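None of the values given here were measured: they were computed from a predicted structure.
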Amino acid sequence: MTASANRHSAIVLYSDASSIHSHRVRLVLAEKDLATDIRAHDPKVPDAEFARLNPSGHLPALIDRELLLYDTRVIIDYLDERYPHPPMMPVDPISRARTRLALYRIGVDWYSLRPDAAQSDRSPETAATMLGESLAAASDVFAAMPYFFSEEYSILDATLAPLLWRLPAYGIVLPEAAAPVMQYARRMFARPGFQASLSVVEREMEHS
């Protein structure tokens, strides 16, 4: 993701190649077709330049000209306001509020169940089982509209696609009854923006 029609070459993203949160930001950048210098950073490997620019050490970290941002949601909100086309959020306040509520529920109901999420009260295997069951139970929602809760691509899709991409890596195989979830996932994975957002590590994740 080093060249694009919009040519905002001042953007630099320090990204963890395997992190779902870094993937979310890379996906938004790709969907907006923003030229970005993606710098893979392993938080376990000391990097003096990164430490100088970002003493907090948080990833992902975005630099746009003189502005340094971290926290996935803060970065995505900034990108959507600074570079509004195509929009990740609806225009009208009611739809925006509903989208924010749905985004909150995705975080609480699904992201919190990732086997690699920081959870002390359940094993990775239990988390994977719960996540798979919860996604399967929402099949009707995935089947209802072309995109998640919308007729158009939004921040909800840019949040769900990186999660669904990781299901095989989590050891999750959805049942046949959850076909609408995987049909939705395949549509999201086929988007040029999604393919452009994948790191080498993510491309090597086992996928059917």
Side-chain angles (χ1 to χ4, degrees), residues 15-28 30-31 40-44 58-60 70-76 88 98-150 153-191 193-208:
S15 169
D16 182 332
S18 62
S19 165
I20 193 171
H21 300 297
S22 289
H23 192 182
R24 290 167 62 192
V25 175
R26 283 185 264 114
L27 180 51
V28 170
E31 287 288 347
H41 178 73
D42 184 342
K44 298 178 182 177
H58 292 304
L59 287 172
Y70 52 85
D71 183 85
T72 305
R73 185 59 192 274
V74 171
I75 293 172
I76 291 174
M88 291 289 112
R98 287 173 175 163
T99 297
R100 288 192 178 101
L101 184 58
L103 192 62
Y104 170 77
R105 294 309 316 176
I106 289 171
V108 171
D109 296 343
W110 293 331
Y111 262 64
S112 67
L113 292 177
R114 291 180 296 113
D116 55 357
Q119 295 286 343
S120 60
D121 60 342
R122 62 178 68 95
S123 68
E125 294 77 15
T126 298
T129 298
M130 293 173 66
L131 176 58
E133 291 175 349
S134 184
L135 286 168
S139 290
D140 290 348
V141 178
F142 283 92
M145 304 181 81
Y147 299 98
F148 196 75
F149 275 129
S150 178
Y153 190 91
S154 78
I155 186 59
L156 301 179
D157 306 296
T159 302
L160 282 169
L163 177 67
L164 297 175
W165 181 259
R166 284 163 169 76
L167 293 188
Y170 294 154
I172 297 173
V173 178
L174 296 180
E176 291 185 7
V181 181
M182 296 315 299
Q183 290 166 359
Y184 164 88
R186 285 190 287 271
R187 293 198 305 273
M188 297 304 105
F189 300 162
R191 292 176 66 87
F194 185 86
Q195 290 299 313
S197 76
L198 292 169
S199 68
V200 173
V201 173
E202 288 158 347
R203 288 188 183 280
E204 292 175 350
M205 289 179 178
E206 182 180 350
H207 246 268
S208 58

Colleague: Can you measure from OH (Y184) to CE (M145) and round to the nearest 0.5 angstrom?
Modeller: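 One gets 12.0 Å once the value is rounded to the nearest 0.5 Å.
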
Colleague: Without swapping roles, check the side chain of R191 against the backbone of M188 for a donor-acceptor pair under 3.5 Å.
Modeller: no

Colleague: Show your working on side-chain contact (heavy atoms from CB on, under 4.5 Å) between F149 and V141 and close with a plain yes or no.
Modeller: CA-CA 7 Å; F149 275 129; V141 178; 3.9 Å; yes

Colleague: Are the side chain of R187 and the backbone of P146 linked by a donor-acceptor contact shorter than 3.5 Å?
Modeller: yes

Colleague: Given the rule in the side-chain contact (heavy atoms from CB on, under 4.5 Å) test, do D116 and I20 qualify, once you have shown the distances and angles that lead to the verdict?
Modeller: CA-CA 10 Å; D116 55 357; I20 193 171; 5.6 Å; no

Colleague: For residues F194 and E31, report the shortest heavy-atom separation together with the two atoms involved.
Modeller: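 Scanning both residues completely, I find the closest heavy atoms to be N-OE2, 3.9 Å.
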
Colleague: Answer yes or no: is there a side-chain heavy-atom contact under 4.5 Å between I155 and V28?
Modeller: yes

Colleague: Take F148 and T159 through the test side-chain contact (heavy atoms from CB on, under 4.5 Å) and record every step on the way to the result.
Modeller: CA-CA 10 Å; F148 196 75; T159 302; over 6 Å; no

Colleague: Under a 4.5 Å cut-off applied to non-hydrogen side-chain atoms, are E204 and V200 in contact?
Modeller: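 Yes - at least one pair of side-chain heavy atoms lies under 4.5 Å apart.
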
Colleague: Identify the heavy atoms of D157 and P162 that sit nearest to each other, and give their distance.
Modeller: O-CD, 4.4 Å

Colleague: Could you tell me if the side chain of Y147 sits less than 4.5 Å from the side chain of S154, heavy atoms only?
Modeller: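 Heavy-atom side-chain distance check fails, nothing below 4.5 Å.
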
Colleague: Going by heavy atoms in the side chains, are Y70 and L59 under 4.5 Å from each other?
Modeller: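 They are not in side-chain contact.
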
Colleague: Is E202 close to W165 at the side-chain level, that is, under 4.5 Å between some pair of heavy atoms?
Modeller: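 A side-chain contact exists here, since the closest heavy-atom pair is under 4.5 Å.
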
Colleague: Might you point out which heavy atoms bring G132 and L174 nearest each other, and give the distance in Å?
Modeller: O-CD2, 3.5 Å

Colleague: Which distance, rounded to the nearest 0.5 Å, do you find between the CD1 of I75 and the CZ of R24?
Modeller: 10.0 Å

Colleague: Under the side-chain contact (heavy atoms from CB on, under 4.5 Å) test, which residues partner P175, sequence neighbours left out?
Modeller: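 Expected list: A136, A178.
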
Colleague: Who pairs with V108 by side-chain contact (heavy atoms from CB on, under 4.5 Å), at least two apart in sequence or on another chain?
Modeller: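 In terms of side-chain contact (heavy atoms from CB on, under 4.5 Å), with neighbours along the sequence ignored, V108 is linked to Y104, R105.
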
Colleague: Does S134 reach the main-chain N or O of M130 with its side chain, forming a donor-acceptor pair under 3.5 Å?
Modeller: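 No: the side chain of S134 does not pair with the backbone of M130.
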
Colleague: Cut-off 3.5 Å, side chains only: do R26 and H23 have a donor facing an acceptor?
Modeller: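 Short answer, no.
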
Colleague: Report yes if some heavy atom in the side chain of R122 is under 4.5 Å from a heavy atom in the side chain of L113; otherwise report no.
Modeller: yes

Colleague: May I ask you to test the T72-P60 pair for a side-chain heavy-atom distance under 4.5 Å?
Modeller: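 Answer yes - side chains close enough.
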
Colleague: Atom NE2 of H21 and atom NE2 of H58: how far apart are they, to the nearest 0.5 Å?
Modeller: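 Going from NE2 on H21 over to NE2 on H58, the span is 12.5 Å.
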
Colleague: Any heavy-atom pair between the side chains of L167 and L135 that's under 4.5 Å?
Modeller: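 Sidechains of L167 and L135: in contact.
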
Colleague: Is there a side-chain contact (heavy atoms from CB on, under 4.5 Å) between L103 and Y111 once you walk through the steps?
Modeller: CA-CA 10 Å; L103 192 62; Y111 262 64; over 6 Å; no

Colleague: Would you check if the side chain of S22 reaches a backbone N or O of S15 as a donor-acceptor pair within less than 3.5 Å?
Modeller: no

Colleague: Measure the spacing between OG of S139 and CD of E176 and express it to the nearest 0.5 Å.
Modeller: 12.0 Å

Colleague: Can you tell me how far apart CG (L198) and CG (L27) are? Round to the nearest 0.5 Å.
Modeller: 8.5 Å

Colleague: How far apart are the closest heavy atoms of W110 and A138, and which atoms are they?
Modeller: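 Nearest heavy atoms, W110 then A138: CZ2-CB, 3.6 Å.
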
